[in-house]
Amino acid sequence: AFHGVISMNTFSSAVNHYSIELAGAYPFYGKTNVKISQGFLEDALRVEMAISASKQWDEDISYDKIGSGPGKYENKYDSQSGFFKIHIKPTNKLKIKVGSYLSNWKSEDFQGIGSTADAYNQGYDNGSSTSLFYMGNVSLAYKLPNKIVLETTAYYWETDQEFQHGWFV
């Protein structure tokens with residue numbers, strides 16, 4: 001059975017496009033992204049890609065552990081994502097799209113599930129996680145008479161996730 005939903009709305013442009021963005025906030029945050037869309041052969045071939053990354057450094061936020069003194073949340077994370085797509089129009093009736101997608105996430109010592117929710121946590125309320133997702137797809141669209149379009153898409157994806165909380169971190 002199929003469990004879950006994948007929704008990825010990625011950058012796309014019908015015209016040539018190039019951009020770079022850098023941003024930051026003192027003292028704990030930074031991000032960057034690069035977007036490219038380039039057509040070739042009178043737009044019978046279009047290549048698109050984007051890469052992004054963001055990082056939040058350790059914030060050292062103090063809190064009181066129930067019954068065991070002070071604790072700290074790092075609230076630290078690293079995130080990277082990207083995609084690469086190729087659009088091919090070999091004829092006026094046929095369109096082919098091929099794409100690959102990647103998303104990576106790692107967080108350390110964020111607020112957890114609640115120190116009173118788990119008796120084994122002994123007052124700790126920290127949680128960490130890692131997630132790696134990648135997907136590939138191929139799409140074919142063929143124009144039939146009377147403005148009818150036959151389209152099909154095949155997907156393949158894998159994901160690996162790990163969650164930790166409390167004194168298991």
Are L41 and V15 linked, directly or through intermediate hydrophobic residues, by side-chain heavy-atom contacts shorter than 4.5 Å (ILVMFWY only)? no
Are E21 and K31 close enough that some pair of their side-chain heavy atoms sits under 4.5 Å apart? yes
Residues, nucleotides or ligands: over 12 heavy atoms within 6.0 Å of I20 CD1: no
Where do T159 and F133 come nearest, in terms of heavy atoms and distance? CB-CD1, 4.0 Å
Using the side chain to side chain contact (heavy atoms under 4.5 Å, CB included) rule, take S129 and Q161 through it: C-alpha gap first, then chi angles, then the decisive distance, then the call. CA-CA 7 Å; S129 68; Q161 296 181 327; over 6 Å; no
Could you report the tightest heavy-atom contact between A14 and R46, atom names first, then the distance? O-NH2, 3.2 Å
Separation between CD1 (I86) and NZ (K97), nearest 0.5 Å, reads 13.5 Å
To the closest 0.5 Å, what do you measure between CD1 (I36) and CE (M49)? 5.0 Å
Do W105 and S107 come within less than 4.5 Å of each other through their side chains, counting heavy atoms only? yes
Which residues satisfy the salt bridge (charged side-chain N to carboxylate O under 4.0 Å, His left out) test with K85, sequence neighbours excluded? E48
To the nearest 0.5 Å, tell me how far S139 OG sits from I88 CD1. 11.5 Å
Criterion side chain to side chain contact (heavy atoms under 4.5 Å, CB included) on V47 and F84, from CA distance to verdict: CA-CA 8 Å; V47 175; F84 182 79; 3.6 Å; yes
Got a sec: does the NZ of K55 have more than 12 other heavy atoms crowding it under 6.0 Å? yes
Identify the heavy atoms of P90 and I96 that sit nearest to each other, and give their distance. CG-CD1, 4.1 Å
Rounded to the nearest 0.5 Å, how far apart are NE2 of H17 and OG of S12? 11.0 Å
Between the side chain of S37 and the main-chain N/O of S13, is any donor-acceptor distance below 3.5 Å? yes
Is it possible for you to say whether Y156 and V98 belong to one hydrophobic cluster, with membership spreading through side-chain heavy-atom contacts below 4.5 Å? no
Kindly determine whether L132 and L102 satisfy side chain to side chain contact (heavy atoms under 4.5 Å, CB included), including the steps that lead there. CA-CA 8 Å; L132 175 62; L102 173 70; 3.6 Å; yes
Closest heavy-atom pair, N92 versus K143, reported as atoms and distance to 0.1 Å, is O-CD, 3.8 Å
Taking C-beta and beyond as the side chain, do F83 and F11 meet within less than 4.5 Å on heavy atoms? yes
Shared ILVMFWY cluster between L140 and L150, side chains joined below 4.5 angstrom? yes
When rounded to the nearest 0.5 angstrom, what is the spacing between OH in Y142 and OG1 in T152? 15.5 Å
When every non-hydrogen atom of T130 is compared with those of K106, the smallest separation belongs to CG2-CG, 3.7 Å
Take S54 and Y77 through the side chain to side chain contact (heavy atoms under 4.5 Å, CB included) test and state the conclusion after the steps. CA-CA 8 Å; S54 63; Y77 74 83; 3.5 Å; yes
Taking salt bridge (charged side-chain N to carboxylate O under 4.0 Å, His left out) as the definition, give me every residue that meets it alongside K93, ordered by chain and number, with sequence neighbours left out. none
Atom of N16, atom of G39 and distance for their closest heavy-atom approach: OD1-N, 2.9 Å
